[in-house]
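Hydrogens, waters and symmetry mates are skipped; everything else that's a heavy atom, side chains included, is used. As the structure lists them, so they are numbered: ligands from 1, and atoms in each ligand from 1.
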Amino acid sequence: MHNVSMYELLPKLNCDLCPRLADFREENRKKFPEFYNAPVPSFGCRDAELLIVGLAPGLKGANFSGRPFTGDYAGDLLYATLLEFGFAKGDYAAQKSDGLELVNARITNAVKCVPPENKPTGTEIKTCRSFLKTEFETMPKLKVILSLGLISHNAVVVTSGYKQSAFKFVHGAMHDFDNGIKLIDSYHCSRYNTNTGRLTTQMFHDIFQQITDVL
Ligand code: URA
């Protein structure tokens, strides 16, 4: 890590490690030339204590705006909650230029490129792990990781050096890693989960209350 600039460990704009995602990006560049259409960088300072890990950019949300969850339906609840709990300041207007700032929090995705139908393959999740690892290694004050959904949970567990079976995904569970970092699980704040009532605003607020109590 020490001899290598961390920026070399971030995906390049034309990252071709996942051929299917690179092909999809090319298609989208033609179809939606005004979109960001590249691996979406993490948002927030590296000296934050909280890292929120989502799944992957949505086609017309984060892949459009170039900022995680920004413009995605899931971002409405996420950013409103971050503002409510003081992990963000300013106004969220679903675009990168809204000036919103994160406070002691950073947001990333387990997979940095938009996958077709919002579904990355196991190989793509595995391939993108090196970038998630960089996140963990370059956040010196990291205390809490919030995983949004099972795929994020599994990616965080394996990237942290554990077997997937070592920690079971349970909404509201807090898992202790040997390095002192705590992993908190939440159902993903997706449109499907909020519309079906699997995740209510109150349940999501309870997760952020738990995070606030830990920090
Ligand atoms: N947008 C993101 O950036 N990540 C998700 O997990 C969902 C929507």
For residues 206-215, run the donor-acceptor check on the side chains, cut-off 3.5 Å, and write out each pair with its distance to 0.1 Å, sequence neighbours left out.
{"unit_1": "D206", "atom_1": "OD1", "unit_2": "Q202", "atom_2": "NE2", "d": "2.9"}
{"unit_1": "Q209", "atom_1": "NE2", "unit_2": "D213", "atom_2": "OD1", "d": "3.0"}
{"unit_1": "Q210", "atom_1": "NE2", "unit_2": "G172", "atom_2": "O", "d": "3.1"}
{"unit_1": "T212", "atom_1": "OG1", "unit_2": "F208", "atom_2": "O", "d": "2.7"}

* Tell me, do V114 and L59 make a side-chain contact under 4.5 Å, heavy atoms counted? -> yes
Identify all N/O pairs between ligand 1 and the protein with a separation under 3.5 Å and present them as a table of atom names and distances.
{"unit_1": "ligand 1", "atom_1": "1 (N)", "unit_2": "D72", "atom_2": "OD2", "d": "2.7"}
{"unit_1": "ligand 1", "atom_1": "3 (O)", "unit_2": "F69", "atom_2": "N", "d": "2.8"}
{"unit_1": "ligand 1", "atom_1": "3 (O)", "unit_2": "N109", "atom_2": "ND2", "d": "2.9"}
{"unit_1": "ligand 1", "atom_1": "4 (N)", "unit_2": "A56", "atom_2": "O", "d": "3.1"}
{"unit_1": "ligand 1", "atom_1": "4 (N)", "unit_2": "N109", "atom_2": "OD1", "d": "2.8"}
{"unit_1": "ligand 1", "atom_1": "6 (O)", "unit_2": "L55", "atom_2": "N", "d": "2.7"}
{"unit_1": "ligand 1", "atom_1": "6 (O)", "unit_2": "H188", "atom_2": "NE2", "d": "2.8"}

* Taking the six-membered ring for Trp and the full ring for Phe, Tyr or His, determine whether the centres of F69 and H188 are under 6.0 Å apart. => yes
* To do: Please state whether the rings of Y92 and Y79 are parallel, tilted or perpendicular, taking 30° and 60° as the class boundaries.
  => parallel
* To do: Let me see the working for F177 and Y162 under ring pair (Phe, Tyr, Trp, His ring centres under 6.0 Å), right down to the final yes or no.
  => CA-CA 9 Å; F177 288 167; Y162 295 98; 5.0 Å; yes
* Quick one: are L142 and R106 in side-chain contact, heavy atoms under 4.5 Å? -> no
